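Take this structure first; my questions come after.
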Amino acid sequence: MGLQLPKRARQLALGAMLGISFLMLGACSAESKAQASRWAMPADSPATEQGQYIADLWKWSWVAALVTGIIVWGLIFYVAWRYRRRSDDEIPVQTRYNLPLEIFYTIAPIMMVIVFFFHTVDVQNKVLDEVDNPDQVIQVVGQQWSWTFNHTDDPTDVDGSVHYVAGTARDIPTLVLPVDQTIEFKLSSPDVIHGFWVPAFLMKMDVFPGQEGEERNSFQVHTTKEGTFMGKCTELCGVSHSRMLFNVEVVSQAEYDQYLTTIPQADHPLLGGSDAVTQVGLDEAQEHESNGGDE
């Protein structure tokens with residue numbers, strides 16, 4: 001016979017466990033409570049119309065998971081209490097199978113997966129849907145190890161003139177966008193796979209080398225609020241992957257138009273290769289390594 005604690009000891013252990021649980025919940029920081037209120041999504045999200053679809057899918061998925069969990073936990077505790085051993089000489093009734101119950105817990109998860117799949121595909125289609133004439137086209141270049149942002153002057157002519165910002169491994173670039181506009185990102189890479197991610201947009205997409213023109217990966221967002229956000233690369237793209245950071249500023253249309261007059265202009269998009277900006281600090285490091293260091 002296995003070791004079994006006295007009833008009084010079991011009650012004390014249960015009470016202590018519940019007390020510690022409530023104490024830990026009460027000790028949550030303000031940031032932890034804020035994360036709980038937004039279902040652990042990034043701060044300042046969603047900042048786009050498409051991001052709202054993703055946030056809703058995430059929230060209701062959690063709601064469904066919690067409801068399922070509560071039902072399962074409730075049944076576990078009920079059965080454990082209802083069919084508990086009431087004396088040392090008693091063995092609870094042993095049920096080897098229950099056909100209706102087995103049919104239920106086989107069909108119910110399948111139905112849940114089908115519902116999740118349907119809503120996931122629906123949100124995916126909404127997020128990847130593209131209008132024919134976006135208000136602005138940004139040709140994004142991920143290169144080892146920074147970003148170049150080409151603000152296409154004429155959205156219908158992506159090979160024409162651009163205003164651009166080119167970052168370096170030392171200087172983090174800023175991507176400025178107008179609010180309440182539909183913006184298309186066309187993604188290019190001259191070297192390896194990168195990942196273009198703005199957490200507040202709740203959307204990221206890989207940047208593949210070798211893709212050109214309309215064959216490039218692309219997606220659109222409709223910005224909904226002004227603010228400053230962060231961006232980063234989500235693919236391990238080399239030794240200085242951690243330097244591939246950028247900032248995003250969503251501003252009014254007037255501020256955006258003024259901003260374009262303050263950055264360089266080129267006759268064609270800078271898409272990497274010969275247009276790639278030298279990464280500040282890395283040339284010295286590479287020369288240092290080729291000379292064998294300081295030894």
Side-chain angles (χ1 to χ4, degrees), residues 35-73 102-140 142 155 158 175 177 179-189 192-225 227 229-237 248 250:
Q35 285 190 354
S37 67
R38 60 177 183 263
W39 300 89
M41 295 298 268
D44 300 323
S45 67
T48 67
E49 184 179 298
Q50 289 78 5
Q52 186 62 56
Y53 298 133
I54 299 173
D56 289 342
L57 175 65
W58 175 263
K59 178 181 71 175
W60 290 111
S61 296
W62 266 110
V63 170
L66 288 173
V67 169
T68 303
I70 290 172
I71 293 173
V72 173
W73 296 327
E102 291 181 6
I103 293 175
F104 171 76
Y105 68 59
T106 300
I107 294 179
I110 293 175
M111 296 304 297
M112 292 178 64
V113 169
I114 291 174
V115 172
F116 274 123
F117 181 78
F118 170 81
H119 287 289
T120 299
V121 172
D122 182 55
V123 169
Q124 175 181 285
N125 291 337
K126 292 178 179 177
V127 169
L128 296 180
D129 185 38
E130 297 185 357
V131 301
D132 294 333
N133 298 301
D135 299 306
Q136 183 65 47
V137 174
I138 308 293
Q139 300 188 61
V140 177
V158 295
L175 172 60
L177 303 172
V179 72
D180 197 26
Q181 297 288 310
T182 298
I183 301 160
E184 180 172 351
F185 298 109
K186 292 184 176 296
L187 311 178
S188 303
S189 169
V192 299
I193 298 177
H194 301 281
F196 180 69
W197 183 36
V198 182
F201 292 179
L202 304 183
M203 176 65 181
K204 60 182 177 180
M205 185 171 285
D206 280 346
V207 187
F208 287 106
Q211 293 185 342
E212 299 179 353
E214 295 303 316
E215 299 301 319
R216 290 175 287 179
N217 272 5
S218 66
F219 68 96
Q220 294 180 355
V221 300
H222 188 93
T223 52
T224 56
K225 63 181 179 180
F229 313 101
M230 57 172 286
K232 60 182 69 177
C233 176
T234 58
E235 294 288 349
L236 184 57
C237 55
V248 178
V250 181

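What you see below is based on every heavy atom in this structure, not just the backbone, and it leaves out hydrogens, waters and symmetry mates. Fair warning: this is a prediction, and the values are worked out from it, not measured in the lab.
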Set out, in order, the CA-CA distance, both residues' side-chain angles and the distance that settles side chain to side chain contact (heavy atoms under 4.5 Å, CB included) for Val198 and Phe185, then state yes or no. CA-CA 12 Å; Val198 182; Phe185 298 109; over 6 Å; no
Closest approach of Trp197 to Pro199 (non-hydrogen atoms, all atoms of both residues):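 Smallest interatomic distance, heavy atoms only, reads NE1-CA, 3.6 Å.
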Looking only at non-hydrogen atoms, find the nearest pair between Pro46 and Lys225 and report the distance. O-CE, 3.7 Å
How long is the straight-line distance from CH2 of Trp62 back to CG of Leu57, given to the nearest 0.5 Å?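 Between Leu57 CG and Trp62 CH2, I get 13.0 Å after rounding to 0.5 Å.
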Do the non-hydrogen side-chain atoms of Val248 and Phe201 ever get within less than 4.5 Å of each other?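 Yes; the side chains approach each other to less than 4.5 Å.
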Return each pair, listed once, that meets salt bridge (charged side-chain N to carboxylate O under 4.0 Å, His left out) where at least one residue sits in residues 203-220; pairs must be two or more places apart or across chains. Lys186-Glu214
Do the side chain of Thr48 and the main chain of Thr223 share a donor and acceptor less than 3.5 angstrom apart?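 A pair under 3.5 Å: no.
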What distance separates Ile193 CD1 from Leu236 CG, expressed to the nearest 0.5 Å? 11.5 Å
Euclidean distance, His194 NE2 relative to Leu187 CG, rounded to 0.5 Å: 11.5 Å
Going by side chain to side chain donor-acceptor pair (under 3.5 Å), name the residues that satisfy it together with Gln52, two or more places apart in sequence or in a different chain. Asp56
Determine yes or no for a side-chain-to-main-chain donor-acceptor pair under 3.5 angstrom, with Glu184 supplying the side chain and Ser218 the backbone. no
Is it true that a side-chain atom of Gln50 and a backbone atom of His222 form a donor plus acceptor pair closer than 3.5 Å?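 At least one qualifying donor-acceptor pair exists.
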Is the shortest side-chain heavy-atom distance between Phe196 and Met205 below 4.5 Å?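 With C-beta onward as the side chain, the pair stays apart.
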Interatomic spacing from CZ in Phe219 to CD1 in Ile183 - rounded to 0.5 Å: 10.0 Å
With rounding to the nearest 0.5 angstrom, report the OH to CE distance, Tyr53 to Met203. 14.0 Å
Note, Ser188 side chain near Val140 side chain (heavy atom, < 4.5 Å): no
Show the atom names and distances, to 0.1 Å, of all donor-acceptor pairs under 3.5 Å that link a side chain in residues 120-128 to residues at least two apart or in another chain.
unit_1	atom_1	unit_2	atom_2	d
Thr120	OG1	Phe116	O	2.7
Asp122	OD2	Lys126	NZ	3.4
Asn125	ND2	Val121	O	3.3

Within the structure provided, determine whether Phe229 and Leu177 are in side-chain contact (heavy-atom separation under 4.5 Å).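 Not touching, per the 4.5 Å side-chain cut-off.
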Taking Asn217 for the side chain and Val207 for the main chain, is one N or O donor matched with an acceptor at less than 3.5 Å? no
Have a look at Pro155 and tell me which of Thr182, Val137, Ile138, Asp135 forms a side chain to side chain contact (heavy atoms under 4.5 Å, CB included) with it. Val137
